[in-house]
Amino acid sequence: MATAEFDVVVVGAGAAGMTAALTAAKRGLRAVVLEKAAVFGGSMARSGAAIWIPNNEVLLAAGVPDTPEKAAAYLARVVGDIPVARQRAYLANGPAMLSFLQRNSPLKFTWMEGYSDYYPEFPGGIAAGRSIEPQMIDGRILGAELANLNPPYMPTPPATVVYGVDYKWLTLIARHPRGVATASATVARGIAAGLAGQKPLTMGGALAGGLRAGLMNAGVPVWLNTPLLDLHVENGRVIGVVAQRNGAQVLVKARRGVIVGSGGFEHNERMRKEFQEEPIGTSWSVGAKANTGAGIEAGQRIGAAMDLLDDAWWGPAIPLPEGPYFCLSERTLPGCILVNGAGKRFVNEAAPYSDVVHVMYEKDEPGASHIPAWLISDQQYRNRYLFKDIPPLLPLPQAWFDSGAMAKADSIESLAARIGIQPVLLRETVNRFNGFARAGRDLDFKRGDSAYDHYYADPTNTPNACLAPIEQGPFYAMKIVPGDLGTKGGMRTDARARVLRPDGSVIPGLWASGNCTGAVMGRSYAGAGSTLGPAMTFGYVAANDLADTPAR
């Protein structure tokens with residue numbers, strides 16, 4: 001077997017892995033990144049790239065009234081029984097990690113003003129939000145490597161430069177002057193970039209591209225098409241990995257240690273059925289296709305403890321023929337409701353997306369199926385709002401209806417019959433909701449009570465930006481299944497990102513971060529970017545701890 005040797009071997013070229021490798025390189029260590037896929041960036045590159053890190057320099061410079069005390073109180077309330085040491089490590093190292101990236105890569109970040117924490121009413125919550133996103137970078141800085149960037153989950157229109165924070169207003173292009181202004185701004189940015197000869201990258205592309213450019217400048221190689229086969233252990237210590245490279249096995253030794261950032265197991269059917277509740281499957285996930293749990297299983301084989309394997313970064317999704325569509329604004333905008341198989345509402349439709357799916361699983365039972373659920377709306381809703389990438393007023397693709405992912409009918413009763421719901425029950429539900437909408441207060445599920453509920457709502461809609469009656473035919477039903485951004489369970493780690501055994505002892509030579517570990521967010525979700533923020537932070541923590549650990 002061929003061999004190679006570095007100070008640190010990093011598995012995975014996603015948010016956790018590339019941040020860890022860049023940190024290690026800047027600490028003077030010789031690092032390599034092994035990536036299973038033919039592209040770099042993982043799920044990060046496909047995402048909107050929001051990052052949730054309290055008290056960072058970007059937020060403070062923007063005047064966000066955050067403090068360490070507020071952040072600690074809020075995080076503790078959100079994550080529950082996650083060890084306090086891990087919470088503190090995240091809050092202490094997150095701002096330092098962000099500052100490090102802004103000084104050691106092309107990345108610069110900006111506040112996503114108004115994107116509320118998911119539970120702003122909790123102690124320490126901030127209704128104006130703590131989420132940030134990367135500014136545009138010019139893809140030309142990547143040279144030939146630009147062709148190896150994992151493409152986005154949902155491409156932006158040609159000749160535009162679109163940020164994550166723009167999406168809220170683009171959805172309202174037919175309703176609010178700021179929608180038109182935002183659309184014009186995206187085009188103006190695109191024109192400016194084109195005139196400058198740039199290849200603009202935003203959101204996940206910017207974050208992944210900026211990290212990759214940082215690695216290039218630091219001389220860190222990224223080996224694509226190099227899947228992890230196993231961790232290599234000698235005398236109880238992880239000293240490298242066995243990988244597949246150029247059609248042959250190679251032992252990549254690590255003089256100082258291995259950092260695993262290989263992502264979750266959302267595309268491993270066997271693991272999902274073993275650890276997660278039915279109905280479940282890989283076809284509802286928007287996570288990177290290469291995430292099949294190889295790093296988690298390698299950790300299991302050498303005795304790593306596991307946490308949260310039954311959970312995921314859930315969100316309601318529509319199983320469209322071209323792939324699952326993860327619903328953000330669609331279920332929040334006024335003029336729609338979520339109902340179960342009995343035609344009853346069961347949740348605040350505008351609640352944080354992970355909470356909605358948790359409720360779907362908790363309430364699912366024979367005779368009152370919540371999987372699938374149905375998003376019910378009307379023609380007024382279609383006339384007013386962007387749906388996925390379909391502008392208002394335009395018809396939805398016929399293929400969506402032909403696939404069974406959607407249904408359409410001239411009356412609520414006919415719609416109910418088409419999706420297998422008793423017409424009288426769906427009519428009762430719609431009538432009750434319409435009464436709430438006209439009064440401006442949802443007495444059943446309090447939709448619109450939280451500031452978070454209003455982020456993707458329609459400020460021109462009265463008396464409540466989240467509520468409008470469903471009354472103008474034709475009517476629509478969209479099938480809703482438990483989608484996800486990736487799984488959130490894996491190896492148990494400590495506050496130093498070291499991998500632990502069930503008895504709490506440390507596996508020497510092994511660190512991990514990201515979705516191959518049990519999430520510091522526990523079973524909840526603090527705000528937009530609660531996946532990437534911890535992944536990058538604990539990648540940074542892992543590399544620094546490894547660099548601080550005396551060589552063996």
Side-chain angles (χ1 to χ4, degrees), residues 116 120-121 171-172 174-176 316 318 327-353 355-357 359-360 362-364 367-370 372-385 387 392 406-480:
S116 173
E121 64 276 7
T171 299
L172 299 172
R175 294 286 289 169
H176 197 286
I318 303 173
C327 292
L328 286 174
S329 64
E330 290 80 6
R331 61 193 165 78
T332 298
L333 290 162
C336 69
I337 55 173
L338 271 171
V339 301
N340 63 15
K344 301 292 187 181
R345 287 181 74 210
F346 60 92
V347 73
N348 168 11
E349 293 86 355
Y353 34 92
D355 288 354
V356 174
V357 173
V359 172
M360 289 171 70
E362 288 163 7
K363 294 189 175 182
D364 192 50
S369 172
H370 290 67
W374 295 92
L375 185 69
I376 308 297
S377 66
D378 68 354
Q379 190 60 44
Q380 177 174 265
Y381 174 92
R382 275 300 304 126
N383 292 345
R384 287 180 169 185
Y385 308 119
F387 192 93
M406 293 191 179
K408 180 180 178 181
D410 289 333
S411 70
I412 287 293
E413 289 78 8
S414 297
L415 185 70
R418 290 194 177 186
I419 60 176
I421 291 175
Q422 292 187 34
V424 66
L425 296 181
L426 185 58
R427 169 51 69 187
E428 288 174 357
T429 296
V430 170
N431 286 348
R432 180 173 176 82
F433 175 78
N434 286 352
F436 295 157
R438 294 187 186 100
R441 189 175 179 197
D442 176 11
L443 298 181
D444 285 344
F445 297 101
K446 303 186 186 305
R447 176 172 165 187
D449 283 9
S450 171
Y452 172 73
D453 294 0
H454 286 259
Y455 181 68
Y456 282 122
D458 179 356
T460 71
N461 186 78
T462 58
N464 188 316
C466 297
L467 305 173
I470 300 168
E471 55 190 359
Q472 179 183 328
F475 300 91
Y476 299 83
M478 297 84 166
K479 183 181 289 185
I480 299 293

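What you see below is based on every heavy atom in this structure, not just the backbone, and it leaves out hydrogens, waters and symmetry mates. We count residues from 1, following the sequence as given. Keep in mind the model is a prediction, meaning the values are calculated, not measured.
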Would you check if the side chain of [X] reaches a backbone N or O of [Y] as a donor-acceptor pair within less than 3.5 Å?
| X | Y | result |
| --- | --- | --- |
| Glu349 | Leu338 | yes |
| Ser369 | Gly341 | no |
| His454 | Cys466 | no |

Evaluate side chain to side chain contact (heavy atoms under 4.5 Å, CB included) for Ile419 paired with Ile376, printing each intermediate quantity in order. CA-CA 11 Å; Ile419 60 176; Ile376 308 297; 4.2 Å; yes
Is any side-chain heavy atom of [Y] closer than 4.5 Å to one of [X]?
| X | Y | value |
| --- | --- | --- |
| Trp374 | Met478 | no |
| Leu467 | Phe433 | yes |
| Thr332 | Asp453 | no |
| Arg345 | Asp442 | yes |
| Arg382 | Lys408 | no |
| Val430 | Leu415 | no |
| Glu330 | Ile318 | no |
| Asn340 | Lys363 | no |

Phe475 vs Asp410, test: side chain to side chain contact (heavy atoms under 4.5 Å, CB included). Steps then yes/no. CA-CA 6 Å; Phe475 300 91; Asp410 289 333; over 6 Å; no
Roughly how far, to the nearest 0.5 Å, is [atom2] of [Y] from [atom1] of [X]?
| X | Y | atom1 | atom2 | answer |
| --- | --- | --- | --- | --- |
| Ser329 | Tyr456 | OG | OH | 6.5 Å |
| Asp355 | Asn348 | CG | CG | 9.5 Å |
| Asn464 | Arg441 | CG | CZ | 10.5 Å |
| Lys344 | Leu426 | NZ | CG | 9.5 Å |
| Arg384 | Asn461 | CZ | CG | 5.5 Å |
| Thr460 | His176 | OG1 | NE2 | 7.0 Å |

Sequence-distant partners of Phe346, ring pair (Phe, Tyr, Trp, His ring centres under 6.0 Å), two or more places apart: His370
Heavy-atom pair of closest approach, residues [X] and [Y]:
| X | Y | value |
| --- | --- | --- |
| Pro316 | Val356 | CG-CG1, 3.6 Å |
| Pro469 | Asp378 | O-OD2, 3.8 Å |
| Ser450 | Glu121 | OG-OE1, 3.3 Å |
| Pro463 | Ala437 | CD-O, 3.9 Å |
| Tyr385 | Pro334 | OH-CG, 3.2 Å |
| Gly473 | Gln379 | O-CB, 3.6 Å |

Please check if atom CD in Gln422 has more than 12 non-hydrogen atoms from other residues, nucleotides or ligands closer than 6.0 Å. no
I'd like to know whether Tyr381 forms a side chain to side chain contact (heavy atoms under 4.5 Å, CB included) with Gln472, so could you lay out the CA-CA distance, the side-chain angles of the two residues, the decisive distance to 0.1 Å, and finally the verdict. CA-CA 9 Å; Tyr381 174 92; Gln472 179 183 328; over 6 Å; no
